[in-house]
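Basis for what follows: all heavy atoms, side chains included, without hydrogens, waters or symmetry-related copies.
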Amino acid sequence: MISHSFTHYQTCFQVRPLDAKRSPLVAIQKIVFRWLKSKEKDICMRGGYKDFKRKCDWRKLEDTQSSVVTKTVYSDDFTGWALHYTHQDSELKEKRYWYTDIGVKEEKGSERRTAIFYVRISFARNQEDLSPDHPPPDPTTPRFIRDLIGQPKRLEIFSGYADFHLFDGLMPLKVGQGKFLGDWIRSEKRRYPMVVFNDNTPNLKREAEQLADDLAGKAPVLVLEQNTELAEEICYYLPRSLWIPLGTFRVFYPINPQYPRSERPERHRWFAVDSETYPQQRQGILHSLLQDYPLEEPGAITNIADIDHHISRAKLEKRLAEGSMEKEAAQKELKEFWTLLEDTEEERNNLKVENRQLAEEYDAKENELNDCKAKLNALKPNSCDVVVPAFDVQTMMQLPSTLEEVVGLQASIHADRLTFAEEAFASAHEYEKHDSNVINRAWEMIAHLARTLHELKFAGKPAGDLAGEFEAQTGYEYAPTEGKASNTKKIRRSRQIKVEGKQYEIWHHIKWGNRERKMLRVYFDFDEEFKKIIVGYVGPHLPNASS
């Protein structure tokens, strides 16, 4: 896995052929190889399938300069295979690179062979590229996933429990299946999210079909018929907090009875397709499920490095069995190996926990936002009789005395040009050095964002040296980035925010001062679509390579 890459799509599930004689590993390899042949025209792809299945190292393929690497490990318990595929972006070329990591672990010893299939597709910007920022690509499902899942007469695809299938297209539920749905939603064996539509009207069915296609390999989509008896079954087998309002759909995350918080209703969001905010919410659904929510199966092989670890362990065990290693050296090597493995697993588990906590916090905040929007829409019919005076700074009884008050007032004044993320309000709230000079500087810096920078960026004039022009007009230093040395996982994470389901990276910042009590930074990003500046942080400088 490339350390500076961003996840575009990730999934993990089990594959079992209906024909007991078939190998799930071979079935997967054929589908993946066919997908690669459609993308690469090098001679390796025309006659190299035998090597591809076992071990290959094809670099700088003809025309595309892509690379394909595969490795295999054999043991008494399983056969493992992994692929690492690297290629340039079809539009941006060398400015962005794509990485596909696939791992397959075919278990032995059962009547019907089963394989754990893992895939992660990621992308990374060329760190030596100095051209303007490129917007991150919208998440999509790779074609080979659809090809794999779209074989229900040959392969069973499931996660955690064999009856909980991942399938191609929609699954309609009829009278008599209410208990099945209730058990499915609340089962602790379910590892993936599921989407349930309550109504099969043409409008909802079209959206259900589209979501089923978009979320292939990550979440099954089910549709309830509009039927009184079925509705009664659902009401009986599901608690009221998990009911799906008629004419809506709900996204159910996995539930674990050992953790009561996992069944909180706000964690399992429902959406109205006809609402004005649904297009933005839909993007949030795709980003969250395709990119952010990890699917895991115990014992999965995730990349080439896992194959190398298994090979090293097999060699070590063989040498121990043959008695070709001294006992003390063997114990030392084993200890180093297990330490490395435990550290890796601990890091992975910590990241999974952190990711899910952030996802829950995001869901809760978005619920609050939707409630506010719904109340606002309800007030709109009566708003024609209400005269709302324009905000006038001169009517204020006193000037703001804290950084948080500055952010709140500026958010009201410049709502048409600036959007402040929750992180901006939180950082301002935590700021303790409320020196009058800092407050005045903060007011002036944010005002310049709304006036000077917004006009330079979006007024239709040639941008030229945006930072230089801003500094010339305002006297405040403008840094578009933190430099190559600060592009680490921890620092990047501190620059990533989401506002109304849309992802931003706040590398741009304006700054004043360098001393501890006389220092202020405002970090932001640009929303080209809505022509707004997204402010994500106000306070002392965020961590970088030198701090």
Phe52 vs Phe33 aromatic rings, parallel, tilted or perpendicular, using cut-offs 30° and 60°?
tilted
May I ask you to decide whether Lys53 forms a salt bridge with Asp51, counting only side-chain N to carboxylate O separations under 4.0 Å?
no
Check ion pair Glu106-Arg113 (N to O, under 4.0 angstrom):
yes
Under 3.5 Å, side chain of Thr7 to main-chain N/O of Tyr9, donor-acceptor pair present?
no
Side-chain (Asn227) to main-chain (Leu230) donor-acceptor, under 3.5 angstrom:
yes
Tell me if the centroids of the rings in His87 and Tyr99 come within less than 6.0 Å of each other.
no
Is the distance between the ring centroids of Phe249 and Trp270 under 6.0 Å?
no
Minimum heavy-atom distance His84-Ile304, with the two atoms named:
CB-CG1, 3.9 Å
If you take the centroid of each ring, where Trp contributes its six-membered ring, are Tyr85 and Trp35 closer together than 6.0 Å?
yes
Look at the side chain of Arg190 and the backbone N and O of Trp184, then say whether any donor-acceptor pair between them is shorter than 3.5 Å.
yes
Looking only at heavy atoms, the pair that brings Ala300 and Ile116 closest together is CB-CG2, 3.6 Å
Can you see which heavy atom on Ile301 is nearest to which on Ala82, and at what distance?
CG2-CB, 4.4 Å
Ring centers of Tyr253, Tyr293 separated by less than 6.0 Å
yes
Which value, rounded to the nearest 0.5 Å, describes the distance between Tyr49 atom OH and Cys44 atom SG?
16.0 Å
Whether Asp147 and Arg34 form a salt bridge (side-chain N of Lys/Arg under 4.0 Å from carboxylate O of Asp/Glu) is what I want to check.
no
